[in-house]
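Lettering of chains follows the sequences in order, A, B, ..., and the numbering in each one begins at 1.
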Amino acid sequence: MKLDPRTKMVMVVCLSGLALLYNTPGQLLLVFAVTVALLMIFHFELSVIGDYLKPFLSLMLFLLVIQCVFSPGGEVLLAAGPVPLITTGGLSMGVCVVLRIMTVAAAAMLFTTFSSRDFILGLVQWKVPYELAFMVSIALRFLPVFRDELSNVVTAVQLRGVELKKVPWREKMALYRRLFFPVVYGTMLKAQQLAVSMEARGFRVYPRRTYLRRLNLLGADIAVMLVCLVSTIMLIALHFT
Amino acid sequence: MAFLELTRVSFSYPKRGRRVLTEIDLALDRDEITAIVGPNGGGKTTLTKLMIGVLQPSGGQIRLDGRPLAGYSLGEIGRRVGYVFQNPDVQLFCGTVAEEIGFGLTNRGYKPEMVEERIQFYLDYFELGVYRNVFPLHLSRGEKQRLAIAAVLANEPLFLILDEPTAGLDAYRKKLLADYLQKIARLGRGMILVSHDEPFVGRMAERVVALKDGRIQSDSGRKGNAAYEA
């Protein structure tokens with residue numbers, strides 16, 4: 001389906017908004033299912049969606065365990081003596097967190113169906129200041145850069161002869177903690193260099209920008225946007241009644 | 001038996017049709033300095049990344065020290081083969097220059113006194129002493145290059161792969177690097193130099209392999225330089 005980038009942005013906002021609002025596994029599972037169905041309409045195969053979500057797996061497992069243990073409530077399912085370890089309330093909270101992350105991450109896949117140039121163009125045509133639109137686009141571009149940076153560091157660490165798989169868990173966490181700040185700072189340095197390079201090439205020299213291409217909202221775009229917005233508002237209203 | 005042996009190795013990047021490397025046969029020993037030369041985009045860096053297991057061949061086999069490379073973890077490869085990336089930024093990840101040099105040894109359980117001794121030696125040799133506590137990414141290109149090389153050499157790997165090691169180095173630093181590499185080569189550490197720096201290759205390499213369009217165009221063999229002259 002060929003839709004305007006702005007229509008897809010509205011879809012992402014609606015799906016992510018509902019995912020953040022809902023707090024029962026059933027509701028969140030439904031939003032996730034709708035997200036996956038939408039992605040499949042946009043020709044994403046299930047295996048591709050699975051591959052995209054795979055890097056979030058460890059974070060999701062970590063949060064699931066944390067929520068299970070530290071969110072008490074409901075029946076006790078597992079206990080260590082008098083101390084409840086897993087409760088139905090904790091498990092439900094954990095599943096909710098996992099489904100929420102999966103929905104937001106999967107919905108963001110829609111951003112990959114159009115170029116960053118179209119993203120900026122769409123926002124600018126909605127009267128968002130160019131600088132702001134460009135900043136958001138750069139931030140989105142930096143996410144994979146940051147991921148690659150982390151992956152490079154993990155490779156470089158191992159190529160110095162460190163067997164990461166054999167390092168005890170506690171030492172591994174300490175190692176990652178020590179590496180985290182240099183990596184973040186390195187990314188910030190790169191962002192700074194990018195800003196200098198942009199200004200050197202005349203970014204913001206003229207107050208008015210012109211565009212060769214314009215995006216046009218078609219009937220289908222408006223219809224899809226209306227369906228998304230109306231159904232989201234209704235679901236939010238139902239949630240609070 | 002060669003230390004690093006490539007048999008009919010081919011490689012294409014996923015989702016890109018073009019083959020980057022086609023049926024490469026190469027045997028490298030621990031007692032020789034081999035240069036890999038050739039035009040940009042010829043597959044030199046890709047070939048070295050295959051040799052350290054960062055990339056997996058789409059065909060053929062690579063053996064390290066007699067065993068298939070696929071059977072080693074990256075950490076095990078890193079203990080045997082030291083790799084200096086073309087862009088030093090991707091391999092500098094510590095908070096200070098000194099930490100960067102001592103990282104491998106510290107995390108492999110060496111005694112702090114020994115690590116410190118090794119750090120001091122490489123800081124002095126590569127003239128990085130004044131930057132001891134500086135954040136590595138704040139250094140200039142040439143300084144980062146020296147640091148990346150020092151950090152790899154400090155681990156004392158059996159074999160070295162240096163991708164464009166002289167990039168950003170002035171003539172004096174190139175000489176220092178060449179002297180050091182020749183010294184460790186005499187101690188039985190083989191190495192591969194990927195370089196466009198003809199005088200450096202001419203001075204260092206005992207064997208020159210020329211790559212073009214992903215194929216070996218010529219291989220001077222050991223102790224010769226016919227290919228490079230060609």
### Residue B:Phe135 versus chain A: region with a heavy atom under 4.5 Å
side chain

### Message
Just by distance, no angles: are the side chains of B:Tyr13 and B:Thr46 close enough, under 3.5 Å, to form a donor-acceptor pair?
### Response
yes

### Message
Less than 6.0 angstrom from the centroid, inside 45 degrees of the normal: does B:Arg19 satisfy that with respect to the ring of B:Phe11?
### Response
no

#### Entry: Which of B:Gly53, B:Gly75, B:Gly104, B:Pro157 touches chain A most, by non-hydrogen pairs under 4.5 Å
B:Gly75

### Query
Heavy-atom distance under 4.5 Å to chain A: side chain of B:Ala154, backbone, both or neither?
neither

#### Entry: A:Leu164 portion near chain B, given a 4.5 angstrom heavy-atom threshold
neither

### Message
Heavy-atom pairs under 4.5 Å with chain A - which of B:Gly95, B:Gly78, B:Ala151 has more of them than the others?
### Response
B:Gly78

#### Entry: Top of B:Leu137, B:Val152, B:Val81, B:Val90 for chain A proximity - count of heavy-atom pairs under 4.5 angstrom
B:Val90

#### Entry: Greatest number of heavy atom pairs closer than 4.5 Å to chain A - which of B:His138, B:Glu99, B:Arg80, B:Gln91
B:His138

### Task
Below 4.5 Å from any heavy atom of chain A, which atoms of B:Val54 appear? Answer side chain, backbone, both or neither.
side chain

### Message
Evaluate A:Tyr185 against A:Phe181 for ring-ring contact (aromatic ring centres under 6.0 Å, His included), listing each step before the verdict.
### Response
CA-CA 6 Å; A:Tyr185 186 59; A:Phe181 291 105; over 10 Å; no

### Task
Report the C-alpha distance between A:Tyr52 and A:Phe44 in whole Å, list the side-chain angles of each, state the deciding distance to 0.1 Å, and finish with yes or no for ring-ring contact (aromatic ring centres under 6.0 Å, His included).
CA-CA 11 Å; A:Tyr52 183 83; A:Phe44 282 100; 8.1 Å; no

### Query
Taking atom types as modelled, is there a side-chain donor on B:Tyr180 or B:Tyr122 under 3.5 Å from an acceptor on the other?
yes

### Message
Distance to the ring centre below 6.0 angstrom and angle to the axis at most 45 degrees; does that hold for B:Arg146 and B:Phe126?
### Response
no

### Task
For A:Gln158 and B:Ser73, test the side chains for any donor-to-acceptor distance below 3.5 angstrom and give the result as yes or no.
no

### Task
Let me know if A:Val157 has heavy atoms under 4.5 Å from chain B in its side chain, its backbone, both or neither.
both

